[in-house]
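Everything quoted here is computed from the prediction, not taken from an experiment.
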Amino acid sequence: MKKSTGVVALVVALAAVYGGSTWYMGQKTEELVRQKVAEFNTASAEKLAQSGIDGTVTMNVVEYKRGVFSSDARYTVTLASNDKQDEPLELTFDDKISHGPLPLSALKLGNFTPVAALTHSTLVKTKDTEGWFKLTGDKTPLWADSLVGFDGAVDSTAHFEAIKHQGDTVKVEFSGGQLRAKAGGKSDDILVSGNFPNLLVDDIGEDPLKLQAANFAVDFKQTGDINVNGTQTGKISVDDIQFQTPESEGLKLKQILLDTDGVTKDSVGNAKVRYVFTDMVFEDKLNLGSVELAMNMDSVYMPAITAVSKLVSDPGFQDRIDSEDPQTAKLLLEQVLVALERKPVLSIEPLRWYNEQGETKATLRVDLQKPAATLQELEDSPQLWLQAIPSAQLNLLVSKPMLRGVANQLDKAEGVSPEEGTTAMLDMMLEAAVQPYVESKLLKQDDNSISTEVKYLGADQGFDINGQHFTTDDLMGLVLMSMM
């Protein structure tokens, strides 16, 4: 009896401790929830302003009922435009919050690490979301499970319900998918990843269009504060894209890819953005090859960019610019000059169009600087702004084999032989188009390529083109003569 009594006492004691700890964590969780909502609203306003996006995203806690082991909450997320004529969109979520330190619901998800709370959020059917519910057959279209750490860090996985809808004018099939995000705590680090396997939208209305795509994926990582000291990498890709109409096979692409890479140190940032469109096929016959565009922005002063974005995103900005408000123009130009003090460099490295036969490629670099003039002098003499570009360089290489490959594909699509179609005419057309510029040494060509190298040396020094110097007036006259 004594032994059993001791065991019972131990169980009761542990239960009391656990109950007390969950009650305490419940109090802390409510404080944390309200704190996170306030932080979200502040960060949302800052990020939207920095990005120059017109609108607001606001979260509000509508109701909070705290219990011993769990709590229930309802909150709204409102997306509104600065245009008062646009109706705001309000999303309502119900939250079931299991208190830490060891919520049973977290154990079911395979998490055995003590946490402050685990929340299960579900989108509520309202007048703003009833259309989405209709597409999912009245199933909850969006829900999420989130682990909240003691330091405030959140690890959340959102689930999107599959859609299979056949309407009078549109058919939609969506596989559903997941999106995971980790953020908060003692750092500014952010991780986002997600995958959505399939999408089909078949619009059979007045302008029929069918869209299909597969394997939509997103990966994003940020460490530190990207506006001060931090890094940022991102990738978005989608495979097997098809645009079709009843009359045409339209356009198909093997993949569309967007990736970004940025580093900021002491508020000065370097960033790269790259777009790739792979294996573009028109009308299921004409293979146009692939296109890549990579853009770089180096030595960009982030506080000035943020200030310009905030100014531009102000609801009354466009009206003030249209009315030529001098104060608005002055504020904008002041920040532009601040940004130019860091001597930013804008470049395209490269823009290329390629296929199995070769590639046509262009690169461009533009160096910038602050003009040696005051703002008043720049207003009085706008030509002084030319000092803002001390140098620039353009390199262009056109691959004749690549163009012959495209012409051959075009002939096949039209059902004619290369001897009778565009392929036979291509070299003659190229010769007629470029020969005047070759004679004036603006272009160079051989059997396989057409190329040029153009260097801008500044407003006073003119241009260097393929090793030959031209003043601005000389170059304009030469181009006009070549066009005649």
Do the non-hydrogen side-chain atoms of [X] and [Y] ever get within less than 4.5 Å of each other?
X	Y	result
Glu161	Thr140	no
Ser146	Thr119	yes
Lys285	Glu414	no
Asn408	Gln357	no
Ser290	Trp353	no
Ile465	Thr452	yes
Leu257	Glu292	no
Asp145	His159	yes

What closest approach, in Å, do [X] and [Y] show between heavy atoms, and which atom pair accounts for it?
X	Y	result
Pro390	Asp367	CD-O, 3.1 Å
Thr78	Glu90	OG1-OE1, 3.6 Å
Leu179	Gly194	CD1-CA, 3.8 Å
Asn41	Met59	OD1-N, 2.7 Å
Pro197	Gly176	CD-O, 3.2 Å
Leu430	Ile450	CD2-CD1, 4.2 Å

Could you tabulate the donor-acceptor pairs under 3.5 Å formed by side-chain atoms of residues 336-347, not counting sequence neighbours?
| from | atom 1 | to | atom 2 | distance (Å) |
| --- | --- | --- | --- | --- |
| Glu341 | OE2 | Lys370 | NZ | 3.2 |
| Ser347 | OG | Asn296 | ND2 | 3.4 |

Say whether, by atom type as modelled, one donor and one acceptor occur between the side chain of [X] and the main chain of [Y] under 3.5 angstrom.
X	Y	answer
Asn355	Gly358	yes
Asp240	Gln212	no
Gln369	Gln387	yes
Asp279	Leu253	no
Ser440	Pro436	yes
Asp203	Val170	no
Gln222	Gly224	yes
Thr360	Ser399	yes
Trp143	Phe160	no
Thr129	Trp132	no

Task: Stepwise side chain to side chain contact (heavy atoms under 4.5 Å, CB included) test for Glu283 and Ser248 - done: CA-CA 6 Å; Glu283 292 286 358; Ser248 168; 2.7 Å; yes
TODO: Output, in order, the C-alpha distance, side-chain angles, deciding distance and verdict of salt bridge (charged side-chain N to carboxylate O under 4.0 Å, His left out) for Arg180 and Asp155.
DONE: CA-CA 7 Å; Arg180 184 180 182 185; Asp155 183 352; 2.5 Å; yes
TODO: Using the test ring-ring contact (aromatic ring centres under 6.0 Å, His included), find all partners of His165 that sit at least two apart in sequence or belong to another chain.
DONE: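 Expected list: none.
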Task: Under-4.0 Å salt bridge between Lys210 and Asp202 - done: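 No salt bridge links Lys210 with Asp202.
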Task: Salt-bridge contact Asp446-Lys400 (side-chain N to carboxylate O under 4.0 Å) - done: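 Salt bridge flag = no for Lys400 with Asp446.
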Around atom [atom1] of [X], are there more than 12 heavy atoms of other residues, nucleotides or ligands at under 6.0 Å?
X	atom1	answer
Lys221	NZ	no
Gln383	CD	yes
Glu87	CD	no
Arg320	CZ	yes
Met425	CE	no

Open item on the list: Checking Glu249 against Gln242: is there a side-chain donor and acceptor pair closer than 3.5 Å?
Closed with: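 No, no side-chain donor-acceptor contact under 3.5 Å.
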Open item on the list: Pairing donors with acceptors under 3.5 angstrom, does anything connect the side chains of Asn395 and Gln393?
Closed with: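 Checked: Asn395/Gln393 side chains pair up, N/O donor to acceptor below 3.5 Å.
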Task: For Thr231, the option from Val263, Asp261, Thr264 that meets side chain to side chain contact (heavy atoms under 4.5 Å, CB included) - done: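 Of Val263, Asp261, Thr264, side chain to side chain contact (heavy atoms under 4.5 Å, CB included) with Thr231 is met by Val263 alone.
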- [ ] Assign the ring pair Phe463 / Tyr456 to parallel, tilted or perpendicular, where the plane angle (0 to 90°) is split at 30° and 60°.
- [x]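 It falls in the tilted class, 30° to 60°.
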